[in-house]
2 protein chains.
Amino acid sequence: MNGVKLTSTLAFRLGTLGAVMTERFSARLAAHGLKPKHVGLLALLESGTATSQLDIAKLMNVAPSLVVSLADRLEELGAVRRERDPMDRRRQTLALTEEGRELLATCTAAAAELDTELTDGLSPEETEALRIVLGTLARRNGLPAD
Amino acid sequence: MNGVKLTSTLAFRLGTLGAVMTERFSARLAAHGLKPKHVGLLALLESGTATSQLDIAKLMNVAPSLVVSLADRLEELGAVRRERDPMDRRRQTLALTEEGRELLATCTAAAAELDTELTDGLSPEETEALRIVLGTLARRNGLPAD
DNA sequence: CCTAATCATTCATAGCTTGAATTATATGAG
DNA sequence: CTCATATAATTCAAGCTATGAATGATTAGG
């Protein structure tokens, strides 16, 4: 029997704060007709980590069929180009267009704005500590590091 | 034009890490036939912050009709009792049963386990810093504090 | 070659959540 | 007191996201 509260647990707080943040991010993205996963896909392409849809699906931890519809939407917006891989014509490789790069930059700026709102009341040291620890946790959990 | 990457943004990292954590939490809860929101509701009841279903819905930021089904499930499990408020018979007040308290304790322990897994590679100072900053952020964003 | 594997795609479906309609109860004005 | 209006819980239909199975195209290996 211990006195730990569920709500003071890191797992719970990360979960709820994470939900709040993606909700806010989602709200800003709506103006561009995008969802967070669309932007995640754009970021993945920019990182050059993956180009084939299947690789993308694995890295994003989603079903391959979902990548299809995300890519459909992005292609529709002109943010991404689909090209058959000449080495293996089963593969569809996705390439960021200039427009896609700009869109990603805009969305990244929106996320950065959310960051400053979020850390508004935090001291610079706290903010920096948070940044560092979240980075470490991301790396240790197979999430996009950079 | 700046060089910030989406994936190194706090908003994005909190979002993805949050998703990972609630996914893991959810997996552990499955054994008890619960979802994270069920446990969130139990925790809210224990905190004594709200008892009527409508108040609960507001505090959880979900539709009142969702509280109905969460409460149905919890009642089914014997974790919660529904009682008409004698002062206002429209209101249904939810009360934790002893069984519910135990269930919450079990789930809280599961969350605490996830915490130790998560912070496994972190220094004690980093872990403490994370705990404190997340606490501050939770408070500043209207999420359950303490 | 021919069989088995792989990639993208489509489609049906499941799960979570919301909003509108319904019922019961309460409140306030006349 | 009574009627009109507001509030709480509940039910129900519907939307959205995501998945998994089936299909078609292409490749790889014996």
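Each chain gets a letter, A, B and so on, in the order its sequence line appears, and its residues count up from 1. Computed from a prediction, not measured in an experiment: that's the story for all the values here. Just so it is clear, the values below take in all heavy atoms, side chains as well, and ignore hydrogens, waters and symmetry mates.
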| said: Generate the contact string for nucleotides 18-30 of chain D. Rules: B means base contact, S means sugar-phosphate contact only, - means no protein heavy atom under 4.0 Å. | reply: SBB----BBS---
| For B:Gly33, does its backbone N or O pair with a side-chain atom of B:Arg73 as donor and acceptor, under 3.5 Å? |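 Confirmed, B:Arg73 side chain pairs with B:Gly33 backbone.
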| said: Using only atom types and a distance under 3.5 Å, with no angle test, would you say the side chain of A:Thr9 pairs donor to acceptor with the backbone of A:Ala11? | reply: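 Flag not set: sc A:Thr9 to bb A:Ala11 has no pair under 3.5 Å.
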Given atom [atom1] of [X] and atom [atom2] of [N], what is their separation to the nearest angstrom?
X: B:Asp72; N: D:dT10; atom1: CG; atom2: C1'; result: 9 Å
X: B:Glu23; N: C:dG15; atom1: CD; atom2: P; result: 15 Å
X: B:His38; N: C:dG15; atom1: NE2; atom2: C1'; result: 12 Å
X: B:Leu54; N: D:dA6; atom1: CG; atom2: P; result: 16 Å
X: B:Arg91; N: D:dT7; atom1: CZ; atom2: P; result: 11 Å
X: A:Gln53; N: C:dT6; atom1: CD; atom2: P; result: 18 Å

| query | So, A:Ser123 and A:Glu125: side-chain donor and acceptor under 3.5 Å apart, yes or no? | reply |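 Yes, a side-chain donor-acceptor pair sits under 3.5 Å.
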| ILVMFWY cluster membership beyond B:Met21 - transitive side-chain contacts under 4.5 angstrom |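 Its cluster partners, ordered by chain and number, are A:Leu10, A:Leu14, A:Leu17, A:Val20, A:Met21, A:Leu118, A:Leu122, A:Leu130, A:Val133, A:Leu134, A:Leu137, A:Leu143, B:Leu10, B:Leu14, B:Leu17, B:Val20, B:Leu118, B:Leu122, B:Leu130, B:Val133, B:Leu134, B:Leu137, B:Leu143.
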| task | Taking only the side-chain nitrogens and oxygens of A:Arg82, find out if one of them lies under 4.0 Å from OP1 or OP2 of C:dT9. | result |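 Answer is yes, contact under 4.0 Å.
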| field | Rounded distance (nearest 0.5 Å) linking atom CZ of A:Arg84 with atom CZ of A:Arg91 | value |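 Rounded to the nearest 0.5 Å, the CZ-CZ separation comes out at 12.0 Å.
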| query | Under the side chain to side chain donor-acceptor pair (under 3.5 Å) rule, what pairs show up with a residue in residues 19-28 of chain A, not counting sequence neighbours? | reply |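 Of all non-adjacent pairs touching residues 19-28 of chain A, those that pass side chain to side chain donor-acceptor pair (under 3.5 Å) are A:Arg24-B:Asn141, A:Arg28-A:Glu113, A:Arg28-A:Glu117.
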